[in-house]
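Below is one structure, written out as structure tokens; the observations come after it.
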Amino acid sequence: MAFANLDGVGDNLYPRAGNAGMDVVQVDVAFDWYPEGDGVTGVEGTLGAVATLDVKLTADRPGLQFDVGSMHVRSAMIDGTVVTVSHTDGELVLAAEQLFHRGDSHRVVVAYVGRPEPIDDGTGAEIAVGWHGLGEHSYVASEPSGASSWLVSNDHPSDKAIYRLSVTTPDHLEVVATGTLRLRQPGPRPATTTWIFEPRDPIASYLVSIAIGRFDLTEDRAPRTGVAIRHAFPEGRMAEFAPVFAATGAMIDTLSELFGPYPFEVYGVLVVDDSLGYALENQTLSLFDTDLGLNAGSATVLHELAHQWFGNSLSVARWSEIWLNEGFATYAEALWAEQRDPSYDIDEAMAEKWRNGAHLGPIGEVDRHEMFGPAVYQRGALTLHALRRTVGDDAFFALLQRWVATYRNQSVTTAQFVTMASDLAGRGLDDFFHSWLYEETMAPLPQPPFPR
Ligand code: ARG
Ligand code: ZN
């Protein structure tokens, strides 16, 4: 039987991302990192992987389908039986002759190997996304569509899973990853070490990361909430980077007060010796390159932390609504300044942002090349400030807290936010959001007196 549907979950920007009709619940991957080649392919920097995925069908499907980039798939099993494999254009189809029933659960094992190559994300960015090899060292920056360069997954933020990652490396290398280090033990081959990481909460595939290298590690706790903090800096460079991220604990405490408890069991940053040009909010372990790591103002440090609530705990159900990530994280920068600095006038700051951004187009439904552009970030933040000055502080902050609590570990849409905002404000806000999100010209900011 021909496979009926090579399409994804139906994302309008990434039509092939993810796969319809399935919910991947847990992914357990055992990686082997061979910096000098695995002795078979002769290619340096190869990764061997055995991924075990627990999958629940949400619709009847002819075969099971996953996203996996250019890695070579060696074999696959479903519920212990070896199945046929077809792998074209990043789509992996297993047992295409069999019918899988809605509601059933299956355990899928996929063995694959190769040198992971980053993927062009179609945003127009110069640097492809996914696995970044740096000789013996490596790291991951996948947003939006790079996870399949190294993971077998249902690669869309609407399907989160627990990603348990085991990595075996030569003894002289270290590993950090999203989640918590559960075990570090001698590896199966001589002179290797195996590192096992597991997160408490599910993660969207694009926010899963591992890094292999040599690190200076720090451990700390947020002063008031006690949230565990661990940072990983390039080896020998702790003194340079630690000061840049010293306010992390205070930031966690402040944002926890504004938005509700920090959503995960641990936080920290990873600084990698590369030039990526942007920071990325990998779940529990935000990523900075050395340049940003040295020069990031507190705004960028805060921005990536704020994404743990907005973007990570609550993820976009559709990439075109990414203002729900970036607008919120950008507005959080202003909220932090407002809390920290009594001389900071948030209305003045937002008025200035408005003047600088008066030309910015609509953000409610963006294209791939607009996803990380200034409109999404700046007009997104202005939309939230305008909302706050329209409904008053009480309703606005109650909304943020309810938003975060209600959709924790889920995926969200703009329509859900509009509905919740209208509920809390006690009146329909469709016109407000229509104007701020979808109209070509940005509305003026509300002027005082503001409701409380
Ligand atoms: N989410 C990141 C941030 O807000 C930006 C990621 C940019 N991604 C990209 N492929 N250009 O800082
Ligand atoms: Zn951001």
Side-chain angles (χ1 to χ4, degrees), residues 1-6 8 16-57 61-101 104-117 119 130-131 133 138 140 146-155 159 161-169 187-189 192 194-196 205 208 210:
M1 185 201 315
F3 200 75
N5 179 12
L6 268 176
R16 309 205 45 187
N19 302 282
M22 69 150 100
D23 174 12
V24 174
V25 179
Q26 168 140 351
V27 182
D28 196 327
V29 198
F31 289 108
D32 257 298
W33 175 237
Y34 304 101
E36 265 124 50
D38 63 0
V40 180
T41 54
V43 179
E44 283 180 20
T46 50
L47 193 63
V50 178
T52 304
L53 300 95
D54 288 324
V55 178
K56 188 169 174 175
L57 278 290
R61 301 296 293 162
L64 297 181
Q65 191 177 336
F66 302 90
D67 301 296
V68 55
S70 56
M71 301 280 278
H72 171 63
V73 176
R74 296 158 62 148
S75 63
M77 291 195 298
I78 299 177
D79 302 323
T81 303
V82 174
V83 295
T84 58
V85 168
S86 123
H87 183 198
T88 18
D89 282 347
E91 299 288 337
L92 176 68
V93 179
L94 304 182
E97 63 288 344
Q98 212 177 309
L99 194 63
F100 292 86
H101 296 282
D104 286 356
S105 294
H106 298 282
R107 172 157 289 189
V108 177
V109 178
V110 182
Y112 57 102
V113 66
R115 182 189 162 96
E117 297 295 346
I119 295 170
W131 184 275
S138 68
V140 171
S148 68
S149 64
W150 66 291
L151 283 174
V152 173
S153 64
N154 191 28
D155 189 14
D159 185 8
I162 299 281
Y163 285 86
R164 190 165 179 273
L165 307 172
S166 150
V167 189
T168 297
T169 62
R189 289 172 285 114
T192 60
T194 298
W195 312 67
I196 299 179
S205 49
V208 182
I210 64 176

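Keep in mind that this is a model prediction, so the values were computed, not measured.
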Kindly list each side-chain donor-acceptor pair under 3.5 angstrom involving residues 23-31, sequence neighbours excluded, with atom names and distances?
{"from": "D28", "atom 1": "OD2", "to": "R164", "atom 2": "NH1", "distance (Å)": "3.1"}

Is there side-chain contact between [X] and [Y], with heavy atoms separated by less than 4.5 Å?
| X | Y | value |
| --- | --- | --- |
| D89 | R16 | yes |
| V68 | V110 | no |
| M71 | V152 | no |
| R107 | I78 | no |
| V140 | V208 | no |
| T168 | P188 | yes |

Looking at [X] and [Y], what are the two nearest heavy atoms and their distance?
| X | Y | answer |
| --- | --- | --- |
| L47 | P116 | CD2-CG, 3.8 Å |
| Y163 | S205 | OH-CB, 3.5 Å |
| A51 | Y112 | CB-CE2, 4.0 Å |
| V85 | S75 | CG2-C, 4.4 Å |

* Test V73 against L92 for side-chain contact (heavy atoms from CB on, under 4.5 Å), laying out the working first. => CA-CA 9 Å; V73 176; L92 176 68; 4.0 Å; yes
* Asked: Given F66 and S148, is the side-chain contact (heavy atoms from CB on, under 4.5 Å) satisfied, shown in steps?
  -> CA-CA 9 Å; F66 302 90; S148 68; over 6 Å; no
* **R189 CZ: over 12 foreign heavy atoms closer than 6.0 Å** => yes
* To do: Please step through side-chain contact (heavy atoms from CB on, under 4.5 Å) for the pair L64 and L57, ending with a clear verdict.
  => CA-CA 9 Å; L64 297 181; L57 278 290; 3.9 Å; yes
In Å, rounded to the nearest 0.5 Å, how long is the span from [atom1] of [X] to [atom2] of [Y]?
| X | Y | atom1 | atom2 | answer |
| --- | --- | --- | --- | --- |
| D155 | I119 | CG | CD1 | 7.5 Å |
| H106 | R61 | NE2 | CZ | 12.5 Å |
| D67 | S149 | CG | OG | 11.5 Å |
| D32 | T192 | CG | OG1 | 7.5 Å |
| L151 | L165 | CG | CG | 7.0 Å |
| T84 | L94 | OG1 | CG | 7.5 Å |

* Structure fact -> The residue among W131, W195, W150 that forms ring pair (Phe, Tyr, Trp, His ring centres under 6.0 Å) with W33 is W131
* Give a yes or no answer on whether the side chain of N19 reaches the backbone of N154 with a donor-acceptor pair at less than 3.5 Å. => no
* To do: Mark yes or no for whether H72, through its side chain, and R115, through its backbone, hold a donor-acceptor pair below 3.5 Å.
  => no
